[in-house]
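Remarks on the structure that follows.
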Amino acid sequence: MSSDSVTTPTNFIRNIIIRDLETGKHDQIVTRFPPEPNGHLHIGHAKSICLNFGVAAEFGGRTNLRFDDTNPLKENEDFMLAIMEDVRWLGFEWDGLFHASDYFQQLYDYAVHLIRTGKAYIEELTAEEIRAYRGTLTEPGQNSPFRDRPAEESLDLFKRMKAGEFEDGTLALRAKIDMASPNINMRDPVVYRIRNASHHRTGNEWHIYPMYDWAHGISDAIEGITHSLCTLEFEDHRPLYEWFLENIPAPSMPRQIEFSRGNLDYTVMSKRRLRELVEDGRVSGWDDPRMPTLAGLRRRGFTPEAIRAFWADMGISKADSIISMSVLENAVRNDLNVRAPRTMAVLDPLKVVLTNYPEGETEWLDAPVHPQNEEMGTRQVALTREIWIEREDFMENPPGKYFRLKPGGEVRLRNAFIVQCNEVIKNDQGEVEELRCTFDPETRSGMPGASRKVKGTIHWVSAVHGKPVEIRLCDRLFTVPNPLGEKGRDYREFLNPHSLDVICNAIVEPAVAEGTAGDFYQFERTGYFCHDNVDSKPGKPVLNRIVTLRDSWARIEKEIAQGKR
RNA sequence: UGGGGGAUCGUCUAGUGGUAGGACUGCGGACUCUGACUCCGCCAGCGGGGGUUCGAAUCCCUCUCCCCCAGCCA
């Protein structure tokens, strides 16, 4: 309704929190972001980060970063460090930094409590047997023969498990709940398993490690988390989350609330698939600029501001969704349009000689850094007799709507003057090799004659001052919107062969070649580009295309090609 | 033929009994020394069927479709 007022978009979780504050259920809200350090964060995680940190900040609460490091086989320090870097880069700072492994002793003590109260037992069935006893989706499970063993016996076994007396997989601690429950999670879930493995934080201290369901809820309770926000697949686990906390002397009672993941089209968004792409060498790493990982997006040149704005726009709900990539692209264009310095760069150079311009002369022209923001100042652009223009800005036999250079035609050189094409020089293969043009000195930018109108304006770079750079044209990783949704086909079949096209000899204004990692620009009429934070080196600049500019000519051109115009 | 969730323009999302709104996309136009930006306009939706009501996206019944769960993963 309110179109002219900027309000924080609401969602069902925010509404719950507002109510909890109003009713006095909580004085302060506490959330947490709980990644498992077994891979890199992706833009879907950013949704959760923005939600958890955002909603706590809005209501003066706190947010912890807690690593869910209960599986030493898959987790490590490197992932942990990378995750912290990603969260900070996104623009958030945690109040407390914790690890589930910080609570291993308490988790153990609570398990002892559960055994003592007759609500857990040591299982001797093998994993396969447990599966067989569990029943199916439509048939109830059967009680384990070890289910009713004396608590003392279980306690003794549990202590010996902890002491490292048993091999992996031989015993397990199970909660005694209900083998006939229609919710399979309640059919005596495993609470602890034996893993004689070294943990990246606790070393060889433990031989048993808690399962997610046990560790997560209790960790939340220990930290006084008020709202434990997670994704939809944990909805079935909520009864278990609550059962555990109700059956131990829990220090607090957090509430788990589920929301839907945020998927994007033309990519994949699970750590498992992303890991496969990395390990199969389909991409150069977790930070490949085509990856939807935060490391990849950062390297590509996406800004944290754009990603935050994107998720703020998207909102939170419980409906499964695959968001159109165009929405993300819009968010980054909106952000970069305001902030990116403008510059001219020629991606596919075609030489132009200005025949009436003196040889050997260089003239420095003033050009605005940003046409809508004078405060960003001006830059000097070198003009010489020989310049490069974009090959696609010249056509020998153009269609009617073509506003760029053509034989005998006129066009404005951005920030300079109007030129006319007099001669087209071709090589033996008949390819256009060079254009001979004359310029009209009266039409120089800033002079009275500059008001003369021509249809088109094109960008250019001095052939003597321009610097060569490598440019990586990043595009969508897959050729279909939902690579995982193509029945009977492997998603890798749909990898886009042109997701990363490399241009070795693009020409840029000298200042761009001097840029350093992370510097971004708008190449006028082309798109937004950013110095690659890994491969761009002094003397050997490499820039990634973050996103193209919107291009209405491309649509017209396509329609012409299809004979619609 | 178990349990848990979800269906609102092409996409995402508001709306919780009183004219279905926004963003993105698309289309048309204005402006333009970026075919960008900006501005204006347009197209487009309550999964189906019943019921309650003066009035239903919203309440009730029913049907359909989609997602998740049978790890000693998270």
Side-chain angles (χ1 to χ4, degrees), chain A residues 1-3 9-11 34-36 38 68 70-71 73-75 123 126-127 130-131 134-141 168-174 181-187 189-195 208-209 211-213 215-216 230-239 258 260 262 265 271 313-331 333-334 337-338 342 344 367-368 371-372 401-404 412-418 443 445 450-451 453-459 481 522-527 548-557:
Chain A
M1 287 294 141
S2 58
S3 56
T10 194
N11 62 64
E36 182 188 13
N38 70 339
D68 231 327
T70 56
N71 187 352
L73 266 26
K74 294 184 174 176
E75 299 148 2
E123 177 63 278
T126 64
I130 288 177
R131 192 183 315 131
R134 187 151 36 219
T136 68
L137 294 178
T138 52
E139 301 159 36
D168 286 14
T170 52
L171 301 177
L173 180 69
R174 289 232 259 168
S181 173
N183 180 349
I184 290 184
N185 295 119
M186 301 299 270
R187 317 238 265 229
V190 171
V191 176
Y192 269 89
R193 76 286 218 188
I194 298 172
R195 283 256 208 280
I208 56 174
Y209 291 92
M211 296 291 288
Y212 163 85
D213 290 295
H216 199 93
C230 64
T231 43
L232 254 26
E233 68 272 24
F234 293 103
E235 213 149 12
D236 287 347
H237 293 242
R238 194 170 62 231
E258 311 82 14
S260 59
D265 62 8
K271 276 195 270 190
D313 280 356
M314 291 297 70
I316 301 293
S317 76
K318 296 188 70 158
D320 292 324
S321 65
I322 299 179
I323 302 160
S324 169
M325 190 65 87
S326 68
V327 185
L328 212 211
E329 290 174 346
N330 178 258
R333 286 191 189 109
N334 276 343
N337 176 47
V338 174
R342 310 289 128 124
M344 295 191 285
Q372 276 86 238
K401 284 275 171 44
Y402 190 82
F403 299 156
R404 287 113 93 147
R412 175 171 287 279
L413 254 28
R414 177 83 169 145
N415 300 127
F417 34 54
I418 294 171
T443 60
S445 298
S451 59
K453 302 294 179 198
V454 283
K455 262 305 197 184
T457 297
I458 65 174
H459 58 275
Q522 186 198 93
F523 290 178
E524 287 189 303
R525 303 208 315 129
T526 304
T548 62
L549 252 30
R550 284 179 66 219
D551 185 357
S552 54
W553 168 247
R555 285 201 301 272
I556 297 169
E557 208 176 21

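Order of the sequence lines sets the chain letters (A, B, ...), proteins ahead of strands, with each chain counted from 1.
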Notebook entry, point to check: So what's B:C42 paired with, Watson-Crick or G-U wobble, going by both distances under 3.5 Å?
Noted result: B:G26
Check: Which residue lies toward the 5' end of RNA chain B, A:Ser552 or A:Gly315, if each is placed at its nearest nucleotide?
Finding: A:Gly315
Item checked: By side chain to side chain donor-acceptor pair (under 3.5 Å) - contacts of A:Glu123 (at least two apart) -> A:Ser144, A:Arg174
Checklist line | By side chain to side chain donor-acceptor pair (under 3.5 Å) - contacts of A:Glu329 (at least two apart) | finding: none
Notebook entry, point to check: Checking all strands, does A:Phe417 fall into the base, sugar-phosphate, or nothing category for heavy-atom contacts under 4.0 angstrom?
Noted result: nothing
Note to self: Less than 4.0 angstrom from a charged side-chain N to a carboxylate O is my criterion; do A:Glu36 and A:Lys74 meet it?
What the structure shows: no
Next item on the list: Could you check whether A:Glu123 gets within reach of a base, just the sugar-phosphate, or nothing at all, counting any heavy atom under 4.0 Å?
Entry: nothing
Check: Within this structure, what is the CG-to-P distance between A:Asn415 and B:U34, rounded to whole angstrom?
Finding: 9 Å
Checklist line | Reading 5' to 3' through nucleotides 40-46 of chain B, protein heavy-atom contacts under 4.0 Å coded B for base, S for sugar-phosphate only, - for none | finding: -------
Item checked: Stacking check A:Trp553 vs B:G35 (5.5 Å / 30 deg) -> yes
Margin query: By the 4.0 Å heavy-atom rule, please label A:Pro371 as base, sugar-phosphate, or nothing.
Written below: base
Next item on the list: May I have the distance from A:His459 (atom NE2) to B:G35 (atom C1'), rounded to whole angstrom?
Entry: 13 Å
Next item on the list: Go through the structure and list residues passing ring-ring contact (aromatic ring centres under 6.0 Å, His included) with A:Tyr212, not counting sequence neighbours.
Entry: A:His216, A:Phe234
Notebook entry, point to check: When all nucleic acid strands are considered with a 4.0 Å heavy-atom cut-off, which category describes A:Ala554: base, sugar-phosphate, or nothing?
Noted result: nothing
Notebook entry, point to check: Which part of the nucleic acid, if any, lies within contact of A:Phe234, taking any heavy atom under 4.0 Å across all strands shown: a base, the sugar-phosphate backbone alone, or nothing?
Noted result: base
Item checked: Distance, rounded to the nearest Å, where A:Asn330 contributes CG and B:A23 contributes P -> 11 Å
Check: Rounded to the nearest Å, what distance is computed from the CG atom of residue A:Leu549 to the C1' atom of nucleotide B:C37?
Finding: 9 Å
Check: Is any side-chain N or O of A:Arg555 closer than 4.0 Å to OP1 or OP2 of B:C27?
Finding: yes
Next item on the list: Determine the interatomic distance between C1' on B:G17 and the same-named atom on B:U58; round to the nearest Å.
Entry: 7 Å
Item checked: Euclidean distance for P, B:C59 against B:G18 (whole angstrom) -> 12 Å
Notebook entry, point to check: With respect to the phosphate group of B:G71, does any side-chain polar atom (N or O) of A:Arg134 fall under 4.0 Å of OP1 or OP2?
Noted result: yes
Next item on the list: Describe the nucleic acid contact of A:Lys271 in one word from base, sugar-phosphate, nothing, applying a heavy-atom distance below 4.0 Å.
Entry: nothing
Next item on the list: With sequence neighbours left out, write down each residue that passes side chain to side chain donor-acceptor pair (under 3.5 Å) with A:Arg414, or none if nothing qualifies.
Entry: A:Glu524
Notebook entry, point to check: Are OP1 or OP2 of B:U13 and a side-chain N or O of A:Ser317 less than 4.0 angstrom apart?
Noted result: yes
Margin query: At 4.0 Å (heavy atoms only), tell me whether A:Met344 reaches a base, stays on the sugar-phosphate, or touches nothing.
Written below: nothing
Checklist line | Whole-Å C1' distance, B:G45 and B:A23 | finding: 15 Å
Next item on the list: Would you tell me if any nitrogen or oxygen in the side chain of A:Arg550 comes within less than 4.0 Å of OP1 or OP2 on B:U25?
Entry: yes
Check: Does A:Arg238 have any salt bridge (charged side-chain N to carboxylate O under 4.0 Å, His left out) partners at least two apart in sequence or in another chain, and if so, which?
Finding: A:Glu258
Margin query: Using atom P in both nucleotides, what's the gap between B:G21 and B:C46 to the nearest angstrom?
Written below: 13 Å
Notebook entry, point to check: Who does B:A7 pair with, Watson-Crick or G-U, both distances under 3.5 Å?
Noted result: B:U64
Check: Across the strands shown, which category fits A:Ser321 at heavy-atom distances under 4.0 angstrom: base, sugar-phosphate, nothing?
Finding: sugar-phosphate
Check: Contact class for A:Leu328 vs. all strands (heavy atom < 4.0 Å): base, sugar-phosphate, or nothing?
Finding: nothing
Notebook entry, point to check: Does the side chain of A:Arg414 get closer than 4.0 angstrom to OP1 or OP2 of B:G35 through an N or O atom?
Noted result: no
Check: Of all residues at least two apart in sequence or in a different chain, which pass the salt bridge (charged side-chain N to carboxylate O under 4.0 Å, His left out) check with A:Glu557?
Finding: none
Checklist line | A:Asn330 CG to A:Arg550 CZ distance, which is reported to the nearest 0.5 Å | finding: 8.0 Å
Please tabulate the protein-to-nucleotide N/O contacts below 3.5 Å involving nucleotides 4-6 of chain B, giving atom names and distances.
from: B:G4; atom 1: O2'; to: A:Asp236; atom 2: OD1; distance (Å): 3.4
from: B:G5; atom 1: O2'; to: A:Glu235; atom 2: OE1; distance (Å): 3.2

Next item on the list: Please name all residues satisfying side chain to side chain donor-acceptor pair (under 3.5 Å) with A:Asp265, sequence neighbours left out, ordered by chain then number.
Entry: none
Next item on the list: Pick base, sugar-phosphate or nothing for A:Arg333, based on heavy-atom distances below 4.0 Å to the nucleic acid.
Entry: nothing
Note to self: Counting the atoms with a prime plus P, OP1 and OP2 as sugar-phosphate, which does A:Thr70 contact under 4.0 Å by heavy atoms, base, sugar-phosphate, or nothing?
What the structure shows: sugar-phosphate
Check: With nearest nucleotides of RNA chain B determined for A:Val454 and A:Thr138 from heavy-atom distances, which residue corresponds to the more 5′ nucleotide?
Finding: A:Thr138
Check: Across all strands, who's sitting opposite B:G2 as a Watson-Crick or G-U wobble pair, both distances under 3.5 Å?
Finding: B:C69
